[in-house]
Amino acid sequence: MELRGPVVAVEEPRTVNTRDGTRDVAEITMRPGRGEEPPVTVSLWGSWAETAELLVTGMTLLVTEPSREEFRGEARYATTAESYVVVEPEFMVDVTDIREWVQCSRQYYLSKFTSASLSYPLVKGSLVHEVFGDLLRGRDLETSVEERVADAGLKLGLLDRDRTAVAEDVQSNARAIERWLQQGTLTEDDEWRSELTLISETFGIKGRADAVRRGDPVELKTGKNTDAEPRFEDKVQATCYALLLGEHGQTPETGTLLYTKNAVLNRTEETGDLSPAKEFSIGPGLLQFVVRARNELAAMEYDISVPTGYESNAICEYCFEQDTCMVVSGRLDQESKAGSVGGALPSAEREYFDRMYRATETERREIHREYAKLWTQSAAERAADDKALLGLQPQGRSQRVDGTWELRAENDDTAVSKIREGDTVLASDGHPTRGDTELGRVVRLETDADGTTEIIVHADEPIELRRLDVYPSDYGINGLLTAMHDAVLKGSQRRRDILFGRRDPTFGETNATFIDNNTAQNRAVELAVTANDCALIHGPPGTGKTYTLARAVRALCERGERVLLSAFTNRAVDNALEQLREQGFSEFVRIGTEHGVSDSMQDARLEHRGEPEERAATLRNAPVVAGTAATCGSSVLKECEFDVAIVDEAGQLTEPGTLAAINLADRFVLVGDHEQLPPVVRDDDSELGTSLFERLIEQYPDAAVTLDKQYRMAQRIQYFSSQTFYDGQLRPATPAVAGQQLAELSAVSSEALPSALQDAVAFVDPNGAMTGNVNRQEADRVAEIVDAYRSAGVAADDIGVIAPFRAQVAAITRRVPSEIDVDTVDRFQGSARAVIVVSFVATDTLDSPIFEDRRRVNVALTRAKKALCLVGDEDALRSDPFYERMLEWAES
DNA sequence: ACTCTGCGGAGAGGA
């Protein structure tokens with residue numbers, strides 16, 4: 001039994017006399033059943049009365065195991081000895097966040113801005129943990145250490161660490177674990193489990209336990225601890241895992257902390273308790289403490305406020321973060337228990353920090369809301385939302401060389417989902433939070449001709465693979481906060497003057513000509529090369545943006561500049577590198593995951609594994625380093641410096657997303673088109689919806705150039721886009737581009753086309769009906785149209801089909817030959833086909849938010865080179881003036 | 001109401 005719902009009213013706690021002496025109590029009113037039922041009164045007794053002080057109207061509250069009694073016909077509830085009270089249970093708090101919060105609330109806050117820091121103790125800590133996991137999975141110690149250290153080659157190199165010395169260090173720590181594992185404490189029936197992912201619906205806590213032994217949590221710590229008792233924060237951490245294990249039917253009473261460094265220390269020099277394994281008992285008091293700490297954190301985050309340090313019992317004098325804490329509070333004018341140093345930044349900076357912090361944290365809330373749907377939605381609802389693959393048939397599992405597991409399954413269902421190869425997912429034996437669950441990575445997801453989907457997932461533990469769920473990670477959020485923090489607190493004065501509109505960008509001079517036959521492109525390279533601060537290159541569809549960008553990279557390198565080449569997507573990064581290769585330049589290093597980088601660029605990819613010194617040198621010496629903007633915030637790239645950062649697809653990046661890249665360089669060049677798709681942001685009203693590119697191009701038109709000649713579309717096709725989005729300035733580069741025709745393709749005879757498709761821009765109304773986000777009749781018609789183009793001799797890979805909704809994409813995919821690319825507008829951005837068919841789906845009206853952003857239409861219409869066929873409901877399209885104009889153009 | 005790319009993720013330690 002539990003009560004869950006919004007708080008309606010809160011009373012001040014008071015002290016009352018009871019049979020058991022004086023106790024605190026606070027009465028609150030809430031609406032259970034997620035707010036659907038009438039309000040009830042709940043008395044929060046004892047230490048839960050403290051929690052009442054955190055509550056404000058509107059917060060969600062959860063009370064477990066309450067007592068109930070009728071009082072004058074009304075139900076009254078009260079907490080019992082078994083109760084927990086949880087504030088905002090859908091706000092997912094990481095176990096390590098609770099640990100940090102208990103240590104110091106301010107440290108919890110500051111650590112959001114230093115997410116990716118490279119330090120030897122951290123790398124070593126991770127290595128020892130990995131070896132620990134390997135040992136539990138039965139791997140030999142020597143092999144494990146050797147392999148894991150080799151894998152960390154790049155990071156160790158950047159830290160100037162020698163491989164042999166590190167291996168010895170890790171090995172001596174790992175020996176302590178090995179000895180402990182063999183120490184008779186273990187019997188044959190010892191049940192071990194390593195790396196357990198735990199997600200709590202009740203407590204709003206998630207985390208990964210290092211190991212679980214006979215149902216009890218075991219936490220590994222690479223540091224030392226000479227006290228008899230384990231460190232309090234360490235106990236808090238292990239207690240969190242115990243709490244979460246409790247929800248999975250276990251009742252841990254003991255936690256174990258394993259301090260590996262204790263075993264390495266010299267007994268004669270160190271005093272105190274040097275035993276590595278320290279046990280402690282986990283009672284209800286500690287469990288409740290952990291939940292109350294989480295509640296404080298969740299309440300503070302509810303209105304996105306900034307902690308001062310007074311929330312916890314931190315002693316600032318002993319704190320190793322004291323300096324950072326004081327500088328941040330001084331610069332941002334924040335209240336801090338540690339005090340502050342230095343003067344405040346200009347108000348523009350502080351307001352910006354505030355705004356972006358709130359917007360980014362709001363994004364985090366949206367992700368958490370998505371996260372909560374793992375259990376608030378039924379399996380069927382998840383599947384209907386394309387967020388889960390259910391009813392998979394396990395096809396066995398096998399241990400890989402590194403001890404982790406390959407899980408195989410099949411699916412006969414033709415269900416579509418957002419899950420794609422390479423994604424991180426929750427793999428479970430039936431339910432993502434209630435069952436046996438592990439984070440995994442989809443390495444294969446392929447449907448064969450008879451509709452069977454083969455699924456392979458890699459995970460640390462051997463899950464029986466019956467279900468996959470999209471994993472809504474807020475991983476990237478701290479990266480954005482870090483980028484914003486670095487730009488404001490660490491960025492140069494000059495850079496900040498540009499970002500905050502206090503100084504116009506300046507340019508040097510050059511006599512060189514970079515591109516002969518295109519003035520705007522040449523001007524773009526000129527700006528990039530001579531910029532003292534920044535340059536902005538606006539590239540409408542087909543205008544040779546990538547070519548120009550690559551030319552600029554080369555020109556900069558010829559001048560001895562070191563270049564960071566970045567973009568929003570992996571595909572754009574690889575495209576730019578391809579273009580560089582085509583221009584005869586290949587002195588670049590590609591940073592990225594094996595899965596993200598295209599096959600053709602794998603040879604340029606920087607492998608992390610290897611000899612430290614050599615790996616680090618490869619990165620440090622490369623004239624051009626390329627990677628996505630998200631990677632630019634990684635610990636590895638933060639160790640690098642550049643003269644210029646060039647960022648492609650900048651119109652699709654949020655401001656903090658862009659800052660991650662440009663923080664690494666002296667100057668920056670943003671390339672993009674703000675008339676195409678904007679950043680994807682979960683909260684529609686978010687400030688993050690406007691890119692830095694768009695803001696700066698409006699602010700500094702003199703630092704910008706628009707590429708105005710397009711090499712892609714026939715005149716007839718480009719006209720509407722040019723008029724509507726580019727003030728008519730977009731023009732075909734040559735008469736040949738303007739007048740291109742379908743018949744120019746070999747094997748195509750345009751006479752063979754039905755008369756409706758004769759024009760370069762055609763419109764067809766299939767008289768269909770939209771159900772859900774699918775229009776079957778329209779999908780049929782699209783298939784017929786595709787067939788007509790094919791019959792006229794157009795090759796399959798010259799045809800692309802675009803629809804706004806994924807469901808319609810799936811419907812069309814089933815109806816056309818598999819060689820034909822069918823995809824959403826969003827995923828088609830950046831590519832082009834000779835023939836494009838656009839399915840609008842909507843009938844009668846256009847009242848879906850997807851039709852509101854006209855930029856999406858711009859993208860869809862400008863993918864076609866020689867023929868464009870619009871398929872949709874005339875009434876629906878005529879219901880909106882913008883789409884009506886589009887129709888008039890199509891039918892003219 | 002919809003679109004969805006990146007990040008191995010979470011946690012590695014210091015005192």
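Below, chains carry the letters A, B, ... as their sequence lines are ordered, and counting in each starts from 1. Just so it is clear, the values below take in all heavy atoms, side chains as well, and ignore hydrogens, waters and symmetry mates.
The P atoms of B:dA15 and B:dG11 are separated by 22 Å, rounded to the nearest whole Å. B:dG9 and B:dT5: their P atoms are spaced 15 Å apart (whole Å). For the C1' atom pair drawn from B:dG8 and B:dA12, the interatomic distance equals 14 Å after rounding to whole Å.
In this entry the distance linking NZ of A:Lys387 with P of B:dT3 reads 10 Å, nearest Å. If you measure from atom CD1 of A:Ile477 to atom C1' of B:dT5, you get 13 Å, rounded to the nearest angstrom.
Under a cutoff of 6.0 Å and an axis angle of 45°, A:Arg161 and A:Tyr120 form a cation-pi pair.
Note on residues 468-484 of chain A: pairs passing salt bridge (Lys or Arg N to Asp or Glu O under 4.0 Å), not counting sequence neighbours, are A:Arg364-A:Asp474, A:Arg382-A:Asp469, A:Arg467-A:Asp469.
Residue A:Thr631 is in sugar-phosphate contact alone, with no base atom involved, counting any heavy-atom pair closer than 4.0 Å across all strands shown. Nucleic acid contact for A:Arg856: base, since at least one base atom lies under 4.0 Å from a heavy atom of the residue. Looking at heavy-atom distances under 4.0 Å, A:Arg420 makes contact with sugar-phosphate atoms alone, never a base. Across all strands, A:Asn773 comes closer than 4.0 Å only to sugar-phosphate atoms, never to a base (heavy-atom distances). Among the heavy atoms of the strands, none lies under 4.0 Å from A:Thr197.
Without hydrogens or angle criteria, A:Asn663 side chain to A:Leu659 main chain gives a donor-acceptor distance under 3.5 Å. Within the 3.5 Å criterion, the main-chain N or O of A:Val841 finds a donor-acceptor partner in the side chain of A:Glu778.
Side-chain rings of A:Phe840 and A:Phe851 stay apart, their centers remaining 6.0 Å or farther from each other.
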Practice task
Any chance you could lay out the salt bridge (charged side-chain N to carboxylate O under 4.0 Å, His left out) test for A:Asp386 and A:Arg806, step after step, and finish with the verdict?
Solution key: CA-CA 9 Å; A:Asp386 300 345; A:Arg806 233 168 341 94; 2.8 Å; yes
Completion exercise
Counting primed atoms, P, OP1 and OP2 as sugar-phosphate and everything else as base, the B/S/- map of nucleotides 10-15 of chain B against protein heavy atoms under 4.0 Å is SBBBBB
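Stretches of at least 3 consecutive Watson-Crick or G-U wobble pairs, with each checked distance under 3.5 Å, do not appear in DNA chain B at all.
Between A:Asn570 and B:dC7 there is a side-chain polar atom (N or O) within less than 4.0 angstrom of OP1 or OP2. At B:dC4, one or more side-chain N or O atoms of A:Thr824 fall inside 4.0 Å of OP1 or OP2 (strictly under the cut-off).
Salt bridge annotation for A:Lys278-A:Asp234: absent, with no cationic side-chain nitrogen under 4.0 angstrom from a carboxylate oxygen.
Nearest-nucleotide assignment on DNA chain B puts the 5′-proximal partner with A:Asp385, out of A:Asp385 and A:Gly592.
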